[in-house]
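Reading through the structure tokens given below for one structure.
Worth knowing before you read on, the calculation uses all heavy atoms, side chains too, and leaves out hydrogens, waters and symmetry mates.
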Amino acid sequence: VELSLYYESLCPACRGFLVQQLFTAWLLLPAEALSITLVPYGNAEEKNISGKWHFQCQHGPEECLGNMIETCVMDEAKNFTTYFPVIFCLESGSSVTKNLEACLQIYAPQLDGGRIAACVQGDAGAALMHRNAQLTAALDPPHQYVPWVVINGLQAQAEASLLGLICRLYQ
């Protein structure tokens, strides 16, 4: 089952879905049953100012930073099983933007926090966020709210019982 989650790092409903439904389903299901794509962007807006991407987020600059941190963690780790526990840690903790070092220490000590910080502060992070903006803008139908869940190419009402839905769809 292919699942894409379009979300915002500080959106309470997104955090609840990721932490309580998606992470749980991922832990409980065999690896071959579920392929997950995370796209932290949501209702953000981007502007190109003098050749540089700038972002405005629904829950303010801290959310843009959280989205950028999570995007850079994914890019640095490459491997879903490496980065998803880190993102779970960020989303379930007290601060999405302040707990990166602790989450890396616990779940992915092999990742380089300095390289992630450089991504967040540099052009690489902005380019990755621009890609998230393009992926979000390309949704058909366009997203109306977040979390926006797409399963096997179709938008799905998965917020209630994700695990049951995946089990019904899995071939």
*asked:* With a 3.5 Å distance limit and no angle check, can you tell me whether S4 reaches the backbone of V150 through a side-chain donor-acceptor pair?
replied: no
*Within the side chain of N152, is there an N or O that forms a donor-acceptor pair under 3.5 Å with the backbone of E2?*
yes
*Donor-acceptor pair, E8 side chain versus G42 backbone, under 3.5 Å?*
no
*Might you confirm whether atom CG of D123 has over 12 heavy atoms from other residues, nucleotides or ligands at distances under 6.0 Å?*
no
*Who passes disulfide bond (SG atoms under 2.5 Å apart) against C89, sequence neighbours left out?*
C103
*Just grab all the side chain to side chain donor-acceptor pair (under 3.5 Å) pairs involving residues 23-40, residues at least two apart or on different chains.*
none
*Give a yes-or-no answer on whether the side chains of T97 and E62 include a donor-acceptor pair shorter than 3.5 Å.*
yes
*Using the disulfide (SG to SG under 2.5 Å) rule, collect all pairs that involve residues 106-151, keeping only residues at least two apart or in two chains.*
C72-C119
*asked:* Considering only residues two or more places apart or on different chains, which pairs with a residue in residues 20-69 satisfy disulfide (SG to SG under 2.5 Å)?
replied: C57-C64
*Got L38 and Y83 here, is their nearest side-chain heavy-atom distance under 4.5 Å?*
yes
*Listed once per pair and sorted, the ring pair (Phe, Tyr, Trp, His ring centres under 6.0 Å) pairs that draw on residues 92-117, sequence neighbours left out*: none
*asked:* Could you check whether Y7 and E70, counting side-chain N and O atoms only, form a donor-acceptor pair closer than 3.5 Å?
replied: yes
*How many angstroms lie between atom CZ of R131 and atom CG of D75, to the nearest 0.5 angstrom?*
7.0 Å
_Any side-chain to backbone donor/acceptor pair from N99 onto A102? Under 3.5 Å, distance only._
no
*Pairs satisfying ring pair (Phe, Tyr, Trp, His ring centres under 6.0 Å), at least one member in residues 31-69, at least two apart*: W53-H130
